[in-house]
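In the text below, chain A, chain B and the rest are named by the order of the sequence lines, each starting its count at 1.
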There are 2 protein chains.
Amino acid sequence: MTDSLCIVHGESGPMIRSVLDRICDKWTLLIVSTLQRGRMRFTELQRNIPGVSQRMLSLTLRHLERDGLVVRTAYAEVPPRVEYALTDTGATLIEPALALASWAVTNGPTIEASRSSFDSRSS
Amino acid sequence: MTDSLCIVHGESGPMIRSVLDRICDKWTLLIVSTLQRGRMRFTELQRNIPGVSQRMLSLTLRHLERDGLVVRTAYAEVPPRVEYALTDTGATLIEPALALASWAVTNGPTIEASRSSFDSRSS
DNA sequence: CTGCATCCATGCGGATACTG
DNA sequence: CAGTATCCGCATGGATGCAG
């Protein structure tokens, strides 16, 4: 607890940054939490994640695959079929990510209230 | 557990996004974890966070203040003195943020190994 | 000491069109 | 079906200079 900042500071910094950058881009968390339901193919993912473009879905999946959080399986069929699934490592991400998400849901109203109040004060 | 994706999807989405965007910018986590040590003034923060520019420190602190995670106290002195401290809400952020950070530290090597392997395969 | 204003480079992400 | 390629607007963030 006391040395918590030692985790964020120090030589672990870059690692945390690179992971955080991955988590915090616009679609990663959405994709990972969707894949928690089970393996899914490209179009299925796109249907289940409203607003995502082909480009971003493709890019983000590629990133996740590169980081070993998602596995891509292509079947040599016509028409082509590709399925995505979480790896074991990918699955372990869900817990801490969800902890942060639920913090966001819990404190969201407080934060938004604070924003409104702040904005009206400085108007 | 089963309905975890219901938290991320659904109408909570925007709230999570706005919080995530705050957490994941380049300096917020660093500032919050630094302030965990206690109230601190501007220059002190700058010294304790290597690489941060005045602009970014100022901007990020303003955001945190707006969100009610940090309180700013200005003393009418010459020369002027300003101190920053975490609010109660701000302090509760540390725990889930640290959970994610420690996940990053734990899985960082695995991820980086996966990246190298992926990059060499597609070279 | 504190921190705003300005200029500028970079990169994320959206829209669209096209391929195997 | 499952992508890739291209263009383009916008926000992030660094450097520098100036002000209260």
Side-chain angles (χ1 to χ4, degrees), chain A residues 13-14 16-32 34-35 39-67 70-85 115 118-119 121-123, chain B residues 13-14 16-32 34-35 39-67 70-85 118 122:
Chain A
I16 294 181
R17 277 249 55 80
S18 74
V19 172
L20 238 47
D21 287 346
R22 172 72 50 257
I23 301 311
C24 295
D25 64 16
K26 205 168 175 181
W27 303 108
T28 295
L29 192 53
L30 234 34
I31 292 177
V32 169
T34 302
L35 279 179
R39 62 199 297 92
M40 216 169 287
R41 44 196 301 188
F42 193 88
T43 319
E44 224 172 334
L45 274 168
Q46 201 174 11
R47 267 200 313 272
N48 281 284
I49 302 176
V52 70
S53 65
Q54 279 190 334
R55 171 192 157 87
M56 280 304 116
L57 184 54
S58 180
L59 272 180
T60 310
L61 284 170
R62 198 69 69 195
H63 288 319
L64 286 169
E65 187 193 0
R66 187 172 107 102
D67 289 354
V70 156
V71 270
R72 191 190 110 114
T73 318
Y75 299 88
E77 302 175 356
V78 178
R81 181 164 59 102
V82 181
E83 288 188 343
Y84 296 89
R115 281 182 190 172
F118 184 91
D119 292 344
R121 268 199 307 277
S122 53
S123 67
Chain B
I16 295 182
R17 278 247 54 79
S18 73
V19 172
L20 238 47
D21 287 346
R22 171 76 47 258
I23 300 310
C24 296
D25 64 17
K26 206 169 176 182
W27 303 108
T28 295
L29 193 53
L30 234 34
I31 292 177
V32 169
T34 302
L35 278 178
R39 59 180 30 278
M40 216 170 286
R41 45 195 302 188
F42 193 87
T43 320
E44 224 172 334
L45 274 169
Q46 200 175 10
R47 267 200 312 273
N48 281 285
I49 303 176
V52 70
S53 65
Q54 279 189 335
R55 171 190 155 87
M56 279 304 114
L57 183 54
S58 180
L59 274 180
T60 310
L61 284 170
R62 197 69 68 196
H63 287 319
L64 286 169
E65 186 194 0
R66 187 172 106 101
D67 289 354
V70 155
V71 272
R72 189 190 113 112
T73 317
Y75 299 88
E77 302 175 355
V78 178
R81 181 164 57 101
V82 181
E83 288 188 342
Y84 296 90
F118 184 91
S122 55

Chemist: Tell me the closest heavy-atom pair linking L45(B) and M40(B), and the distance in Å.
Modeler: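 For L45(B) and M40(B), the tightest heavy-atom pair comes out as CD2-SD, 4.1 Å.
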
Chemist: Heavy atoms from C-beta onward define the side chain here; which of dG14(C), dG20(D), dG13(D) lies closest to that of P80(B)?
Modeler: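 Given the options dG14(C), dG20(D), dG13(D), the side chain of P80(B) is closest to dG20(D).
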
Chemist: Can you measure H63(B) atom NE2 to dA11(D) atom P for me and round it to whole angstrom units?
Modeler: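 About 12 Å, once rounded to whole Å.
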
Chemist: Below 4.0 angstrom from OP1 or OP2 of dC1(D), is there any side-chain N or O of T43(A)?
Modeler: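 Indeed, a polar side-chain atom of T43(A) lies that close.
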
Chemist: I need the CE-P distance between M56(B) and dA5(C), as an integer number of Å.
Modeler: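 Answer to the nearest Å: 13 Å.
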
Chemist: Give every donor-acceptor pair under 3.5 Å between a side-chain atom in residues 46-54 of chain A and any protein atom, sequence neighbours left out.
Modeler:
{"unit_1": "N48(A)", "atom_1": "OD1", "unit_2": "R37(A)", "atom_2": "NH2", "d": "3.2"}
{"unit_1": "N48(A)", "atom_1": "ND2", "unit_2": "E44(A)", "atom_2": "O", "d": "2.7"}
{"unit_1": "S53(A)", "atom_1": "OG", "unit_2": "M56(A)", "atom_2": "N", "d": "3.2"}

Chemist: Which pairs with one or both residues in residues 20-31 of chain B pass side chain to side chain donor-acceptor pair (under 3.5 Å), sequence neighbours excluded?
Modeler: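 Found R17(B)-D21(B), R22(B)-D67(B), D25(B)-T28(B).
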
Chemist: Quick check for you: to the nearest 0.5 Å, what is the distance between R62(B) atom CZ and L57(B) atom CG?
Modeler: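 CG of L57(B) is found 10.5 Å from CZ of R62(B).
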
Chemist: Using whole Å, what does the distance between atom P of nucleotide dG13(D) and atom CZ of R17(A) come to?
Modeler: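 In whole Å, dG13(D) P and R17(A) CZ are 8 Å from each other.
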
Chemist: Strictly under 3.5 Å: I want the nitrogen or oxygen pairs between protein and nucleotides 3-6 of chain D, one per line.
Modeler:
{"unit_1": "dG3(D)", "atom_1": "OP1", "unit_2": "R72(A)", "atom_2": "NH1", "d": "2.3"}
{"unit_1": "dG3(D)", "atom_1": "OP2", "unit_2": "Y84(A)", "atom_2": "OH", "d": "2.5"}
{"unit_1": "dG3(D)", "atom_1": "N7", "unit_2": "Q54(A)", "atom_2": "OE1", "d": "2.9"}
{"unit_1": "dG3(D)", "atom_1": "N7", "unit_2": "Q54(A)", "atom_2": "NE2", "d": "3.3"}
{"unit_1": "dG3(D)", "atom_1": "O6", "unit_2": "Q54(A)", "atom_2": "OE1", "d": "3.0"}
{"unit_1": "dT4(D)", "atom_1": "OP1", "unit_2": "R62(A)", "atom_2": "NH2", "d": "2.8"}
{"unit_1": "dT4(D)", "atom_1": "OP2", "unit_2": "S58(A)", "atom_2": "OG", "d": "2.6"}
{"unit_1": "dT6(D)", "atom_1": "O4", "unit_2": "R55(A)", "atom_2": "NH1", "d": "3.2"}

Chemist: What's the CZ-C1' distance between R22(B) and dG13(D), to the nearest Å?
Modeler: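 Rounded to whole Å, this separation is 14 Å.
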
Chemist: Rounded to the nearest Å, what distance is computed from the NZ atom of residue K26(A) to the C1' atom of nucleotide dT12(D)?
Modeler: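 In whole Å, dT12(D) C1' and K26(A) NZ are 15 Å from each other.
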
Chemist: Expressed as a whole number of angstroms, how long is the span from W27(B):CH2 to dT12(D):C1'?
Modeler: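 Checked: the CH2 to C1' distance equals 12 Å.
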
